[in-house]
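So the structure is just underneath, and the comments pick up after that.
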Protein chains: 2
Amino acid sequence: MGNKVSKENTKNRIIESAKKLFADKGYQKTTVMDISRQAGLSEAALYDYFQGKEDLLLTIPDLWVLELIGDLKEQLFGIKGAINKLRKFLWWYLRRVEEAPLDAKIVYLFLKTNANFMKTEVYSNVKTLYSYLIEILEEGRGSGEIKSDLNPYFARDIFVGTMEHIITRWLLKDRSYSLFDNLEEVFNLMIDGFRANGSEPVPVARKLFEERKTDYEDKQD
Amino acid sequence: MGNKVSKENTKNRIIESAKKLFADKGYQKTTVMDISRQAGLSEAALYDYFQGKEDLLLTIPDLWVLELIGDLKEQLFGIKGAINKLRKFLWWYLRRVEEAPLDAKIVYLFLKTNANFMKTEVYSNVKTLYSYLIEILEEGRGSGEIKSDLNPYFARDIFVGTMEHIITRWLLKDRSYSLFDNLEEVFNLMIDGFRANGSEPVPVARKLFEERKTDYEDKQD
DNA sequence: CAGTTTCCCTAATACTATTAAGTTATACAG
DNA sequence: CTGTATAACTTAATAGTATTAGGGAAACTG
């Protein structure tokens with residue numbers, strides 16, 4: 001044998017199997033036998049590709065987050081204004097989460113229980129991802145679009161906290177509704193606190209929520 | 001034997017041991033033998049008090065959250081104005097987290113990985129706790145303190161998201177700084193978006209952060 | 001004091017992650 | 001084409017770990 005292609009293929013099969021099983025049954029309740037069986041291998045063979053079950057848990061989201069970092073700059077390219085960039089960041093990120101819910105589940109639900117989470121590549125890469133928010137907020141302060149006395153680190157905390165809250169709830173509720181329901185309204189409410197006084201708020205979106213209010217309570221509350 | 005007091009005592013010893021070990025080494029890496037040994041028992045004896053390891057994980061925070069619900073009403077009693085109540089809610093909750101970091105760690109880091117989290121008592125009790133925010137926000141809307149067009153559910157999402165973000169980071173960073181650092185500033189920035197136009201913002205706090213800005217980056221970023 | 005219950009123990013069981021040691025079969029050097 | 005190195009995989013062993021079975025002794029009950 002000695003085929004590079006088949007080796008990569010097998011590795012991917014293991015990753016995909018593990019991803020599915022972790023997201024489905026949880027990390028603890030997934031056995032190495034479950035994973036290797038799903039991938040069409042013996043248990044021992046898996047250890048030729050990964051150091052073990054925990055290594056597998058850490059590797060999966062690492063690939064995903066790295067891909068996100070590569071994409072972000074491109075997505076923000078050409079967008080004018082800090083608030084428009086913040087909006088794009090949120091919509092873009094939630095779409096990526098929607099497209100890769102298994103990776104997101106591992107990052108936002110399972111990884112944090114790991115004692116070494118703060119020392120992982122994933123953590124430092126997510127930090128890099130969020131650090132773009134600081135740049136955007138500073139830019140907005142410079143241009144006068146955002147309050148001159150706004151501390152970008154505090155604003156980022158609010159932004160990231162709200163975003164992760166939305167994501168986590170959606171994942172815990174088994175993705176039973178759209179991540180984008182009411183997003184416009186939550187975004188506007190959050191961003192209103194960041195705006196400079198001259199900068200206009202968004203009146204259109206406000207009307208919308210009145211119609212969909214009850215809907216929201218049912219599904220997400 | 002047959003002593004009720006000693007039985008309760010043993011149960012508490014098990015809970016305290018488990019709490020410490022879970023928070024310290026994580027749920028997975030804590031063995032039943034670790035717990036029972038710390039509590040001065042054999043492994044089998046533990047099963048007379050709890051159905052198993054997972055039952056123990058779910059029981060611990062349940063007691064804590066129930067206690068919080070009992071305390072909340074009393075804490076808010078006599079406070080005038082929705083924004084003052086929101087402030088009190090945040091400060092009170094963070095103090096309780098600071099006083100019981102082991103319970104908080106289990107609720108905010110470990111429990112969410114459990115596939116049945118949404119069906120637990122803890123989840124529904126935390127929901128009850130957060131539902132007070134809706135009442136407060138509606139009150140503020142009625143009194144004109146808060147924007148008349150604010151949807152309280154969206155505002156709650158921002159409030160809870162930001163609060164849980166602050167708590168989670170603090171727990172992951174091994175509680176190496178004070179939970180209350182910069183809290184005033186983050187609170188004011190968040191609440192600025194909720195305020196009715198006539199309602200005055202808080203200018204005093206803003207000056208403070210300029211002095212402590214670098215401090216914040218070092219420790220929390 | 002006899003019987004029952006409470007509280008706890010030792011020992012067995014079944015499952016799981018990981019390792020050891022070996023097998024198959026392909027690539028490729030000569 | 002043939003022998004062999006090695007990539008890719010297997011079965012079987014090992015060292016834990018959660019949970020259960022079954023029992024024993026102390027203390028309470030009547």
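We name chains A, B, ... by the order of the sequence lines, and we start the count at 1 in each one. Predicted, not measured: the structure shown is a model, and the values here were computed from it.
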Kindly list each side-chain donor-acceptor pair under 3.5 angstrom involving residues 37-47 of chain A, sequence neighbours excluded, with atom names and distances?
unit_1: A:Ser42; atom_1: OG; unit_2: A:Ala45; atom_2: N; d: 3.4

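- Here the straight-line distance linking atom CZ of B:Phe154 with atom CG of A:Leu189 works out to 8.5 Å at 0.5 Å rounding.
- The side-chain hydrogen bond (donor to acceptor under 3.5 Å, both in side chains) search around A:Glu135 returns none, not counting sequence neighbours.
- A:Arg37 has its CZ atom 11 Å from the P atom of C:dT16, to the nearest Å.
- Distance NZ (A:Lys29) to C1' (C:dA17): 18 Å, rounded to an integer number of Å.
- In this structure, CG of A:Asp34 is placed 14 Å from P of C:dT18, rounded to the nearest angstrom.
- Between C:dC8 and B:Tyr49, a contact under 4.0 Å exists linking OP1 or OP2 to a side-chain N or O.
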Would you be so kind as to tabulate the donor-acceptor pairs closer than 3.5 Å made by side chains of residues 56-70 of chain B, with sequence neighbours excluded?
unit_1: B:Thr59; atom_1: OG1; unit_2: B:Asp55; atom_2: O; d: 2.7
unit_1: B:Glu67; atom_1: OE2; unit_2: B:Arg96; atom_2: NH2; d: 2.7

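- Applying the ring-ring contact (aromatic ring centres under 6.0 Å, His included) test to B:Phe22 and every residue at least two apart in sequence or in another chain returns B:Tyr27.
- Separating the CG atom of A:Leu21 from the P atom of C:dA17 is a distance of 12 Å, rounded to the nearest angstrom.
- In this structure, the CG atom of A:Leu57 is 13 Å from the P atom of C:dA17, given to the nearest Å.
- Following rounding to the nearest Å, B:Asp48 (CG) and D:dG24 (P) show an atom-to-atom distance of 17 Å.
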Within the 4.0 Å limit for protein heavy atoms, which parts of nucleotides 14-20 of chain D are touched? Write it as a string from 5' to 3', B for base, S for sugar-phosphate only, - for none. ---SSBB

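- Rounding to whole angstrom units, CG of residue A:Leu46 and P of D:dT10 are separated by 11 Å.
- Here C:dT6 presents its C1' atom at 15 Å from CG of B:Asn9, a figure rounded to the nearest Å.
- With sequence neighbours left out, the side-chain hydrogen bond (donor to acceptor under 3.5 Å, both in side chains) criterion links B:Tyr108 to B:Tyr93, B:Tyr130.
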